**Student:** 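Have a look at this one before I ask anything.
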Amino acid sequence: MPDSRIPLYLITGFLDSGKTTLLSDTLNMDYFNDGQRTVLLLCEEGEEEYNQQQLSHRNCRLIPIEGQEQLNTDFLKEVDRRYQPERVLLEYNGMWPADILRKLKLPRTWGLYQAIHVVDGSTFEMYLNNMQSMFIDMVTGADMVLFNRCTADMPLSSWKRSVRAVNRMCEIVFEDEKGEELEVEDILPYSLEHPHIVLDDADYGIWYLDIQEHPDRYVGKTITYKAQAMTGMKLPKGSFVPGRNAMTCCVEDIRFFGFLCQYSRARSLKKGEWITVTAEIRWEHADVYEDEGVVLYAQSVEPAEAPEDPLVYFR
């Protein structure tokens, strides 16, 4: 049955990232200009301001939220009772913790429809360097990440990988200063023309993300790379996971990234030992994935020295 709950659109992003502009443009779309009662919850005021007259014309009521403590379930229930909205827009303050949203219980008749994180391309590097953990917190739960005010000379492919490292499923959109969408090609440090790809140590993260987004580029090819062997009782007999530890945010957020590998001598491997694996790439169902995914079939597994920097980065 179709979801009949009142849709909530969540817009996150740092100050002056373009949230207000996005919402103003959205409210001008035919889909939103249908006369439905709309409530806009505003958690911060940036350089751009809403036109109250236009909002009234769109049957939209603007409700400011003065502080973090005001944004709670009782407040949302009161909004629902008093204004009886048919849809809700929430412009969230980018400096407030994402935990507030995670713990927030919506009224029974509401449902989160879409979460969009807005990024100003001209200030993104500064925020990423200084507030990386906050950015990752917001992006992790986003359905879409919208980069605006972008130019062709910005490292857009690198930014795309940074997002993919923490949220593989979200849509990523890049727009220029005029709001026109930019096509961002994946710049790979290796050639896809060859049937055998040999990865340099620094390229593992790029390959790991790209093969999940474009498995058709790799299926049937042979791959060689340096990795650590992850072994364990929960893995199917005759298999292990060759992978690398990656830092997506900070030292406390290091995770192991790898794919299932079929190898008849998997039991001879020691957990954590460095190896060079050469394997055929397939895409098939695996119980450990509970779905289809990358499955490697090892052709050779040789001992290897640890790389100079054992961590993987996605930028």
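Because the structure is a prediction, the values reported are computed rather than measured.
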**Student:** Drop me the distance from Met138's CE to Ser17's OG, to the nearest 0.5 angstrom.
**Tutor:**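 Met138 atom CE to Ser17 atom OG measures 10.5 Å (nearest 0.5 Å).
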
**Student:** Quick one: do Leu42 and Leu62 satisfy side chain to side chain contact (heavy atoms under 4.5 Å, CB included)? Show the steps, please.
**Tutor:** CA-CA 7 Å; Leu42 180 61; Leu62 177 65; 3.7 Å; yes

**Student:** For Leu104 and Thr73, work out which heavy atoms get closest and say how close.
**Tutor:** CD1-N, 3.7 Å

**Student:** For Arg217, give me all partners under side-chain hydrogen bond (donor to acceptor under 3.5 Å, both in side chains), at least two apart in sequence or on another chain.
**Tutor:**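 By the side-chain hydrogen bond (donor to acceptor under 3.5 Å, both in side chains) rule, Arg217 matches Asp210.
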
**Student:** Step through the shown structure and confirm whether more than 12 heavy atoms of other residues, nucleotides or ligands are within 6.0 Å of CG on Asp30.
**Tutor:** no

**Student:** Please determine if Lys221 and Glu280 form a salt bridge, counting it only when a charged side-chain N lies under 4.0 Å from a carboxylate O.
**Tutor:** no

**Student:** Going by the rule side-chain hydrogen bond (donor to acceptor under 3.5 Å, both in side chains), which residues pair with Gln54 if we only count those two or more places apart in sequence or in a different chain?
**Tutor:** none

**Student:** Could I get the full list of side-chain contact (heavy atoms from CB on, under 4.5 Å) partners for Asp143, not counting sequence neighbours?
**Tutor:**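 Residues passing side-chain contact (heavy atoms from CB on, under 4.5 Å) with Asp143: Gln114, Ala115.
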
**Student:** Are side-chain heavy atoms of Val145 and Val173 found at a separation under 4.5 Å?
**Tutor:** no

**Student:** Report the C-alpha distance between Leu10 and Leu89 in whole Å, list the side-chain angles of each, state the deciding distance to 0.1 Å, and finish with yes or no for side chain to side chain contact (heavy atoms under 4.5 Å, CB included).
**Tutor:** CA-CA 6 Å; Leu10 172 65; Leu89 308 174; over 6 Å; no

**Student:** Are Leu90 and Leu106 linked, directly or through intermediate hydrophobic residues, by side-chain heavy-atom contacts shorter than 4.5 Å (ILVMFWY only)?
**Tutor:**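 Linked within one cluster.
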
**Student:** Run Phe257 and Trp207 through ring-ring contact (aromatic ring centres under 6.0 Å, His included) and show every step you take.
**Tutor:** CA-CA 11 Å; Phe257 290 82; Trp207 170 74; over 10 Å; no

**Student:** Side-chain contact test, heavy atoms from C-beta onward, threshold under 4.5 Å: evaluate it for Trp283 versus Val295 and give yes or no.
**Tutor:** no

**Student:** Which atom names give the shortest non-hydrogen contact between Pro85 and Val39, and what distance separates them?
**Tutor:** CB-CG2, 3.7 Å

**Student:** Without hydrogens or angle criteria, can the side chains of Glu78 and Tyr83 be said to hold a donor-acceptor pair below 3.5 Å?
**Tutor:**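 No, Tyr83 and Glu78 have no side-chain donor paired with an acceptor closer than 3.5 Å.
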
**Student:** What pairs with Phe147 under ring-ring contact (aromatic ring centres under 6.0 Å, His included), at least two apart in sequence or on another chain?
**Tutor:**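 Only Phe124, Trp159, Phe174 meet the ring-ring contact (aromatic ring centres under 6.0 Å, His included) criterion with Phe147.
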
**Student:** Excluding sequence neighbours, so at least two apart, what forms side-chain hydrogen bond (donor to acceptor under 3.5 Å, both in side chains) with Asp137?
**Tutor:**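 Asp137 satisfies side-chain hydrogen bond (donor to acceptor under 3.5 Å, both in side chains) with no other residue.
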
**Student:** Flag the pair Leu22 / Val118 as yes when at least one side-chain heavy-atom distance between them is below 4.5 Å, and no otherwise.
**Tutor:**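 Leu22 vs Val118: side chains touch.
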
**Student:** Let me check something: do Tyr208 and Leu192 share a hydrophobic cluster, defined by ILVMFWY side-chain heavy atoms less than 4.5 Å apart, either directly or through other members?
**Tutor:**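 Linked within one cluster.
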
**Student:** If the condition is ring-ring contact (aromatic ring centres under 6.0 Å, His included), which residues does Tyr113 pass it with, not counting sequence neighbours?
**Tutor:** Tyr9

**Student:** With sequence neighbours excluded, tell me which residues meet side-chain contact (heavy atoms from CB on, under 4.5 Å) with Val301.
**Tutor:**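 Once residues adjacent in sequence are excluded, the partners of Val301 under the side-chain contact (heavy atoms from CB on, under 4.5 Å) criterion are Phe240, Tyr263, Leu269, Ile275, Val277, Ala298.
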
**Student:** Taking C-beta and beyond as the side chain, do Asn28 and Phe32 meet within less than 4.5 Å on heavy atoms?
**Tutor:** no

**Student:** Enter the distance from Ile197:CD1 to Ile281:CD1 here, rounded to the nearest 0.5 Å.
**Tutor:**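 If we round to the nearest 0.5 Å, Ile197:CD1 and Ile281:CD1 are 6.0 Å apart.
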
**Student:** For a quick test of reading the model, state the closest non-hydrogen atom pair linking Gly121 to Cys150 and the distance between them.
**Tutor:**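 It is CA-SG, 4.4 Å.
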
**Student:** Less than 4.5 Å apart, side chain to side chain, heavy atoms only: is that true for Thr12 and Val139?
**Tutor:**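 Side-chain contact under 4.5 Å: no.
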
**Student:** If the condition is salt bridge (charged side-chain N to carboxylate O under 4.0 Å, His left out), which residues does Glu86 pass it with, not counting sequence neighbours?
**Tutor:** Arg37

**Student:** Test of understanding: with ring-ring contact (aromatic ring centres under 6.0 Å, His included), list the residues that count as partners of Phe14, not counting sequence neighbours.
**Tutor:** Tyr127

**Student:** Take Leu41 and Leu76 through the side chain to side chain contact (heavy atoms under 4.5 Å, CB included) test and state the conclusion after the steps.
**Tutor:** CA-CA 10 Å; Leu41 303 175; Leu76 296 183; 3.8 Å; yes

**Student:** Check whether any side-chain N or O of Ser24 sits under 3.5 Å from a backbone N or O of Thr20 as a donor-acceptor pair, and report yes or no.
**Tutor:**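 It does hold such a pair.
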
**Student:** Please name the pair of heavy atoms, one in Asn59 and one in Gly35, separated by the smallest distance, quoted to 0.1 Å.
**Tutor:**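 Of all heavy-atom pairs spanning Asn59 and Gly35, the closest is ND2-O, 2.8 Å.
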
**Student:** In sequence, state the C-alpha distance, the side-chain angles, and the governing distance for Glu44 and Leu15, and then conclude on side chain to side chain contact (heavy atoms under 4.5 Å, CB included).
**Tutor:** CA-CA 8 Å; Glu44 68 176 349; Leu15 183 65; 3.6 Å; yes

**Student:** Looking at residues at least two apart in the chain, or sitting in another chain, which of them share a ring-ring contact (aromatic ring centres under 6.0 Å, His included) with Trp110?
**Tutor:**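 Counting only residues at least two positions away or on another chain, Trp110 forms no ring-ring contact (aromatic ring centres under 6.0 Å, His included).
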
**Student:** Check for me, please, whether Trp274 and Met230 land in the same ILVMFWY cluster - side-chain distances under 4.5 Å, paths through other members count.
**Tutor:** no

**Student:** I want to check something: taking the side chain as every heavy atom from C-beta on, are Thr278 and Tyr225 in contact at a cut-off of under 4.5 Å?
**Tutor:** no

**Student:** Once you round to the nearest 0.5 Å, how far does CZ of Arg58 lie from CD of Gln36?
**Tutor:** 14.0 Å

**Student:** Hey, are Arg102 and Asp99 close enough for a salt bridge, meaning a charged N less than 4.0 Å from a carboxylate O?
**Tutor:** yes

**Student:** A side-chain contact here means heavy atoms from C-beta on lying under 4.5 Å apart; do Lys226 and Pro242 qualify?
**Tutor:** no

**Student:** Rounded to the nearest 0.5 Å, how far does CD1 of Ile254 lie from CZ of Arg244?
**Tutor:**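 The distance works out to 12.0 Å.
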
**Student:** Output the distance between atom CG (Asn129) and atom CD (Glu125), rounded to the nearest 0.5 Å.
**Tutor:** 6.0 Å

**Student:** Do Leu260 and Pro236 have side chains that get closer than 4.5 Å, going by heavy atoms?
**Tutor:** yes

**Student:** Looking at Tyr297, I'd like to know if the NZ or CZ of Arg282 sits under 6.0 Å from its six-membered ring centre while staying within 45 degrees of the ring's axis.
**Tutor:** yes

**Student:** Report the distance from atom CG of Asn148 to atom OG1 of Thr21, rounding to the nearest 0.5 Å.
**Tutor:**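 So the gap between those two atoms works out to 8.0 Å.
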
**Student:** Would you say Phe259 and Val198 are hydrophobically clustered, going by side-chain heavy atoms of ILVMFWY under 4.5 Å?
**Tutor:**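 Cluster IDs for Phe259 and Val198 differ.
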
**Student:** Spell out, as yes or no, whether a donor-acceptor pair under 3.5 Å connects the side chain of Asp309 to the backbone of Leu311.
**Tutor:**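 Yes; judged by distance alone, with no hydrogens or angles, the pair exists.
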
**Student:** Would you name the heavy atoms of Gly18 and Arg149 that are closest together and state the gap between them?
**Tutor:**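 Heavy atoms only, the tightest pair is CA-NH2, 3.8 Å.
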
**Student:** Verify the neighbour count for atom NE2 of His214: are there more than 12 heavy atoms of other residues, nucleotides or ligands below 6.0 Å?
**Tutor:**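 Counting other residues, nucleotides and ligands, NE2 of His214 exceeds 12 neighbours.
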
**Student:** Within the supplied structure, the quantity of interest is the number of heavy atoms (other residues, nucleotides, ligands) at a distance under 6.0 Å from Asp216 CG; does it exceed 12?
**Tutor:** yes

**Student:** If only side-chain N and O atoms count, and only distance matters, is there a donor-acceptor pair under 3.5 Å linking Thr38 with Arg87?
**Tutor:** yes

**Student:** Would you confirm whether Arg164, through its side chain, and Cys170, through its main-chain N or O, come within 3.5 Å as a donor-acceptor pair?
**Tutor:**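 Present.
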
**Student:** Of all heavy-atom pairs between His285 and Asp287, which one has the smallest distance, and what is that distance?
**Tutor:**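 That would be NE2-OD1, 3.4 Å.
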
**Student:** Can you list the residues that meet the side-chain hydrogen bond (donor to acceptor under 3.5 Å, both in side chains) rule with Glu177, with sequence neighbours excluded?
**Tutor:** none

**Student:** Quick one: list whatever passes salt bridge (charged side-chain N to carboxylate O under 4.0 Å, His left out) with Lys270, sequence neighbours left out.
**Tutor:** none

